[in-house]
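Chain identifiers are assigned alphabetically (A, B, ...) following the order of the sequence lines, protein sequences preceding nucleic acid strands; residue numbering begins at 1 within each chain. From a predicted model like this one, the values you see are computed outputs, not experimental measurements. Just so it is clear, the values below take in all heavy atoms, side chains as well, and ignore hydrogens, waters and symmetry mates.
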Number of protein chains: 2
Amino acid sequence: MPKQTFFNLPVHKRKTLMKAAEKEFARVPLSKASIASIIRTAEIPRGSFYQYFENKEDLYYYILGEQTKERKLNLISLLKKHNGDIIEATIDMYYDFLVQMPDEEEQNFLKNAMLHVTHKVENVFTDLFNPGESEQLKEITALINKEYLNIKEDKDLFHIMQIVTAVAFRNFVEKFSKELSDEEALESFTIEMNLLKNGLYKRE
Amino acid sequence: MPKQTFFNLPVHKRKTLMKAAEKEFARVPLSKASIASIIRTAEIPRGSFYQYFENKEDLYYYILGEQTKERKLNLISLLKKHNGDIIEATIDMYYDFLVQMPDEEEQNFLKNAMLHVTHKVENVFTDLFNPGESEQLKEITALINKEYLNIKEDKDLFHIMQIVTAVAFRNFVEKFSKELSDEEALESFTIEMNLLKNGLYKRE
DNA sequence: ATATTATATGACACCTTGTCACTTGTCAAA
DNA sequence: TTTGACAAGTGACAAGGTGTCATATAATAT
């Protein structure tokens with residue numbers, strides 16, 4: 001987490017810094033990103049950077065976390081739209097990602113995040129459904145229609161969400177790494193989501 | 001890929017170098033690993049390193065690839081043991097990983113690989129089933145008993161393998177990141193594998 | 001007005017990487 | 001055995017990065 005000093009900053013300065021960081025993380029993956037480059041762009045002295053953040057990663061995961069907040073809201077509205085059908089909501093979300101992704105910088109940022117995933121990055125994405133989190137999680141689980149689902153106990157819901165996000169995540173990565181078109185990516189994704197719904201094994 | 005020069009090296013020297021590299025990659029994740037440290041341990045000059053490898057990553061993915069070869073053989077034998085039941089074979093493999101993992105260094109190496117996954121690392125793991133690969137893939141797909149599976153076309157098999165590996169992989173990462181005991185990890189994994197078999201959604 | 005605390009700053013020590021001019025080894029042909 | 005050509009070995013070096021710290025400055029409380 002950024003230090004308090006960062007949050008005390010005048011909005012203008014804070015935004016400039018974030019902009020510069022996003023630009024750098026869109027340019028190259030985290031491991032190749034340099035603080036030097038960020039502060040050059042933002043025109044702040046080196047010492048100041050360390051006044052605000054522990055290090056590169058601190059800043060990076062902060063940005064990623066902020067983005068997740070928006071995505072969480074999106075998921076909630078999609079669950080409502082699809083009567084709590086978690087798979088349909090996920091498919092819709094996947095579609096939004098592919099088609100609605102606005103500027104190129106944001107796309108590159110995501111691409112770099114996906115291709116050079118660290119566990120933390122993946123968590124930020126799957127944290128959409130992570131237990132022990134905010135009240136938002138409760139809102140989400142309440143929205144999920146368990147009628148559809150093949151679960152006995154409540155904790156099975158957690159496993160289902162783990163599976164859905166793991167597969168969805170992998171599909172994003174594939175989309176970028178194999179440079180699939182939106183249509184190809186969506187087809188592949190839909191096939192896998194249906195396999196998840198119905199089971200990989202034949203019904204007896 | 002390492003350069004030819006590396007393969008021309010006397011076995012002794014090559015092994016020393018690999019040992020040193022494995023040690024370094026067990027110590028810290030790829031992004032923090034340093035060539036300087038490797039050559040210090042292996043007692044080879046800096047210039048030589050670049051005679052053998054493009055860079056850190058080149059060496060790293062080579063090691064990871066070598067390890068995959070062994071794992072592939074393991075999978076083949078497990079498929080035979082389980083009559084081509086891909087889920088049962090995967091569960092068995094997961095168990096082997098957890099329980100049979102020999103020395104601590106190998107464990108740390110894997111841990112670092114898992115927690116700081118890049119797309120390439122994940123691929124090395126899922127490449128167990130990647131299409132377009134060796135004849136071994138044919139051997140593996142031939143071994144898989146499609147009777148069990150809920151597939152119409154042959155390409156669905158690919159999707160099934162993607163799903164199984166994505167979920168298995170995620171489970172490994174969770175095991176390390178949440179520091180689960182072998183029993184906990186295995187329980188979670190088995191639940192998810194069964195959900196995959198039978199489907200996340202209720203049968204109508 | 002003064003003390004206290006928060007913020008800003010950039011030079012610095014230290015570390016890494018990848019390169020390159022140069023040395024050394026190898027081996028087949030003369 | 002000499003020679004020459006090519007492969008391999010070597011370490012100093014430039015370029016660039018990180019995190020820290022002593023010092024300067026601003027802001028705030030007393």
Side-chain angles (χ1 to χ4, degrees), chain A residues 1-64 109 112 116 118 120-121, chain B residues 1-64 109 112 116 118 120-121:
Chain A
M1 258 291 150
K3 304 180 186 170
Q4 188 51 46
T5 317
F6 174 69
F7 297 107
N8 296 342
L9 240 40
V11 253
H12 172 64
K13 198 167 182 181
R14 208 164 63 215
K15 284 212 169 165
T16 309
L17 183 44
M18 294 301 276
K19 258 259 140 68
E22 278 163 20
K23 188 176 164 197
E24 175 70 0
F25 293 133
R27 187 181 68 83
V28 285
L30 176 58
S31 62
K32 305 258 185 263
S34 96
I35 294 171
S37 164
I38 293 171
I39 63 179
R40 225 178 287 129
T41 309
E43 289 178 304
I44 62 163
R46 183 161 200 81
S48 294
F49 182 92
Y50 286 95
Q51 204 93 34
Y52 309 144
F53 308 100
E54 290 298 333
N55 48 38
K56 211 173 42 170
E57 283 75 17
D58 190 20
L59 168 55
Y60 186 74
Y61 294 117
Y62 171 67
I63 293 178
L64 218 46
F109 185 101
N112 282 331
H116 298 258
T118 66
K120 280 186 181 172
V121 174
Chain B
M1 256 293 147
K3 304 180 186 171
Q4 187 52 47
T5 318
F6 173 69
F7 297 107
N8 296 342
L9 241 39
V11 252
H12 172 64
K13 198 168 182 181
R14 209 162 64 214
K15 285 212 168 164
T16 309
L17 183 44
M18 294 301 275
K19 257 261 141 68
E22 279 162 20
K23 188 175 163 197
E24 175 69 359
F25 293 132
R27 186 180 69 83
V28 286
L30 176 58
S31 62
K32 305 256 184 265
S34 97
I35 295 173
S37 163
I38 294 172
I39 63 179
R40 224 177 288 130
T41 308
E43 290 178 304
I44 62 163
R46 181 160 202 82
S48 294
F49 182 91
Y50 287 94
Q51 204 89 36
Y52 308 145
F53 308 100
E54 291 298 334
N55 48 38
K56 211 173 44 169
E57 283 76 17
D58 190 19
L59 168 54
Y60 186 73
Y61 294 117
Y62 171 67
I63 293 179
L64 218 46
F109 185 100
N112 282 330
H116 300 256
T118 68
K120 279 185 181 173
V121 173

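Comparing atom distances between the A/Leu9 side chain and each of D/dA8, D/dT18, C/dA8 picks out C/dA8 as nearest. Of the candidate nucleotides C/dG18, D/dA8, C/dA8, C/dA8 has the atom lying nearest to any side-chain atom of A/Gln51. Side chain of A/Ala36, nearest nucleotide from D/dT18, C/dT17, D/dA8: D/dT18. Candidate nucleotides D/dT10, C/dT7, C/dG10 were compared by shortest atom distance to the side chain of B/Lys13, and D/dT10 ranks first. Comparing atom distances between the A/Asn55 side chain and each of D/dG19, D/dT18, D/dG9 picks out D/dG19 as nearest. Of the candidate nucleotides D/dG9, C/dG18, D/dT10, D/dT10 has the atom lying nearest to any side-chain atom of B/Pro45.
At whole-Å resolution of the value, CD in A/Glu54 and C1' in D/dT18 are 14 Å apart. One can place OH of A/Tyr50 at 9 Å from C1' of D/dT20, the figure rounded to the nearest angstrom. Straight-line distance from the CD atom of A/Glu43 to the P atom of C/dT9: 12 Å, rounded to whole Å. Between the CZ atom of B/Phe7 and the C1' atom of D/dA7 there is a distance of 17 Å, given to the nearest Å. Rounded to whole angstrom, the span from the CD1 atom of B/Ile39 across to the P atom of D/dA12 amounts to 12 Å. We find that NZ of A/Lys32 is positioned 13 Å from P of D/dT18, with the value rounded to whole Å. Taking atom CZ of residue B/Arg14 and atom P of nucleotide D/dA8, one finds them 13 Å apart after rounding to whole Å. We find that NZ of B/Lys3 is positioned 13 Å from C1' of D/dG9, with the value rounded to whole Å.
Looking at B/Thr5 and B/Gln51, their side chains never bring a donor and an acceptor atom within 3.5 Å of each other.
For the OP1/OP2 pair of D/dA8 and a distance below 4.0 Å, the side-chain nitrogens and oxygens of B/Asn8 include at least one atom meeting the criterion. Distances shorter than 4.0 Å separate none of the side-chain N or O atoms of A/Arg40 from OP1 or OP2 on D/dG16. Side-chain N/O atoms of B/Arg46 include one lying less than 4.0 angstrom from OP1 or OP2 on C/dT17.
In terms of modelled atom types and a separation under 3.5 Å, the side chain of A/Arg27 and the main chain of A/Ala33 share no donor-acceptor contact.
Residue contacts for A/Ser48: at a heavy-atom cut-off of 4.0 Å it reaches a base atom on one of the strands shown. Using a 4.0 Å heavy-atom cutoff across all strands shown, A/Tyr52 reaches sugar-phosphate atoms only and no base atom. The residue A/Ile44 sits apart from the nucleic acid: no heavy atom pair falls under 4.0 Å.
The residue among B/Gln4 and B/Gly47 whose nearest nucleotide of DNA chain D is located toward the 5' end is B/Gln4.
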Carefully, step by step, assess A/Lys23 and A/Ile38 under the rule side chain to side chain contact (heavy atoms under 4.5 Å, CB included).
-> CA-CA 8 Å; A/Lys23 188 176 164 197; A/Ile38 293 171; over 6 Å; no
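Salt-bridge check for A/Glu22 with A/Lys19: failed, with every basic side-chain N at 4.0 Å or more from each acidic carboxylate O.
The NZ atom of B/Lys32 sits 14.5 Å away from atom OG of B/Ser37, with the distance rounded to the nearest 0.5 Å.
Between A/Phe109 and A/Tyr60, the angle of the ring planes stays under 30°, which puts this pair in the parallel group of the 30/60° scheme.
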